Enquirer: 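Take a look at this one; I'll ask things after.
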Amino acid sequence: MDQPKNKRNPILIALDTPTLDEAKRIVEQTRQYAGGYKIGLELCSSEGTLPVIRAISALGGSVFLDLKFKDIPATVGNASKVVAVDGVLMFNVHCDGGMAMMSAAKKAAEESAAHIQPKVIGVTVLTSIGQQELNDEVGVPGDVESAVLRLASNAKSSGLDGVVCSPQEISALRQALGAEFLLVTPGIRPEWAAAGDQKRIMTPEQAVQAGASYIVIGRPITAPPAKIGSSEDAARFVWESVAPYL
Ligand code: C5P
């Protein structure tokens with residue numbers, strides 16, 4: 001099943017690789033079935049953020065820039081201006097940097113000269129932070145779910161377009177924040193893939209049915225099990241599993 005041009009494609013493939021050559025190889029293999037590519041600290045630190053964005057764009061891919069900005073509002077605003085360029089579908093900031101900081105990022109996106117305005121997405125509580133770390137180390141009282149909901153509501157009030165969330169958070173956030181708010185969800189594993197270090201997972205079709213706007217999926221596509229075949233085959237299988245629910 002080819003990717004029909006009139007359907008939205010929610011599949012963001014995580015390019016967790018240190019070299020641009022490897023990233024480009026994955027893009028070339030999978031672009032027919034991808035809605036975009038998540039690039040992050042590793043690839044941007046090794047190859048440079050703007051060169052990576054340009055290279056992926058030149059191959060026809062759009063970018064979810066996962067650099068999780070957090071600093072004073074002026075600094076985040078200025079950094080956001082630098083990355084709000086053609087080819088960037090969305091970039092993200094930490095919600096706990098505060099509402100003025102989130103608004104500064106959004107303003108930079110709104111003032112961007114890009115042909116399509118990049119979306120700005122908030123990061124609430126990292127999934128590596130459990131209840132105990134949140135309370136005792138970060139110093140935030142209460143449970144993780146309440147903190148996620150509060151930070152996501154702040155993101156919406158600050159004008160952000162959505163948040164990153166785990167599959168288990170989709171329903172509550174969708175209910176609280178409405179149909180238009182983007183929910184970008186990692187922790188995705190097709191039935192045929194190994195869970196690896198991901199614990200609370202959903203399949204691509206479950207996440208889309210639960211209300212995810214985008215699903216972030218890395219190793220099942222970039223390093224698929226032998227029985228599945230190439231990265232292109234894996235991306236096609238993921239596309240075919242979600243397409244009926246779009
Ligand atoms: O290979 P895998 O599908 O597990 O990759 C998921 C991607 O999403 C990785 O880049 C990972 O860092 C990221 N991510 C995640 N869980 C979060 C936030 C980000 O897996 N809570």
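Note that ligands are numbered from 1 as they come in the structure, with each ligand's atoms numbered from 1 the same way. Only this structure's heavy atoms are used, side chains among them; waters, hydrogens and symmetry mates stay out. Starting from 1, each residue takes its place in the sequence as its number. Predicted model only: the values in this text are computed from it and were never measured.
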Enquirer: Among all protein heavy atoms in this structure, tell me which lies nearest to atom 21 (N) of ligand 1, with the distance rounded to 0.1 Å.
Expert: T127 OG1, 2.7 Å
Enquirer: Quick one: which ligand 1 atoms are inside 4.0 Å of a heavy atom on V216?
Expert: 7 (C), 8 (O)
Enquirer: Applying a strict under-4.5 Å side-chain criterion to I, L, V, M, F, W and Y, I'd like to know whether V148 and Y214 cluster together.
Expert: yes
Enquirer: Which ligand 1 atoms, with their elements, are less than 4.0 angstrom from a heavy-atom of I217?
Expert: 3 (O)
Enquirer: Taking atom types as modelled and ignoring hydrogens, do the side chains of S213 and R174 form a donor-acceptor contact shorter than 3.5 angstrom?
Expert: yes
Enquirer: For the pair V163 and V184, evaluate side chain to side chain contact (heavy atoms under 4.5 Å, CB included) and give the outcome as yes or no after the intermediate values.
Expert: CA-CA 6 Å; V163 290; V184 181; over 6 Å; no
Enquirer: Under a plain distance cut-off of 3.5 Å, with no hydrogens placed, do S146 and D143 share a side-chain donor-acceptor pair?
Expert: yes
Enquirer: Any idea which protein heavy atom is nearest atom 6 (C) of ligand 1, and the distance to it?
Expert: Q198 NE2, 3.9 Å
Enquirer: Assess whether side chain to side chain contact (heavy atoms under 4.5 Å, CB included) is satisfied between L160 and V93, documenting all intermediate values.
Expert: CA-CA 10 Å; L160 294 207; V93 301; 3.9 Å; yes
Enquirer: Need the ligand 1 atom indices (1-based, order shown) with element for anything under 4.0 Å from a heavy-atom of R219.
Expert: 1 (O), 2 (P), 3 (O), 4 (O)
Enquirer: When you look at NZ of K107, are more than 12 heavy atoms from neighbouring residues, nucleotides or ligands closer to it than 6.0 Å?
Expert: no
Enquirer: Looking at R189, which atoms of ligand 1 are within less than 4.0 Å of one of its heavy atoms?
Expert: 1 (O), 2 (P), 3 (O), 4 (O)
Enquirer: Give the residue, atom name and distance (to 0.1 Å) of the protein heavy atom nearest atom 9 (C) of ligand 1.
Expert: D16 OD2, 3.2 Å
Enquirer: What I want to check is whether the side chains of S157 and N154 have a donor and an acceptor closer together than 3.5 Å.
Expert: no
Enquirer: Does ligand 1 come near enough to K38 that some N or O of the ligand is less than 3.5 Å from an N or O of the residue?
Expert: yes
Enquirer: Below 3.5 Å, N or O to N or O, backbone or side chain included: is there any such pair between A14 and ligand 1?
Expert: no
Enquirer: Would you mind checking which non-hydrogen protein atom is closest to atom 18 (C) of ligand 1, with the distance to 0.1 Å?
Expert: P186 CG, 3.6 Å
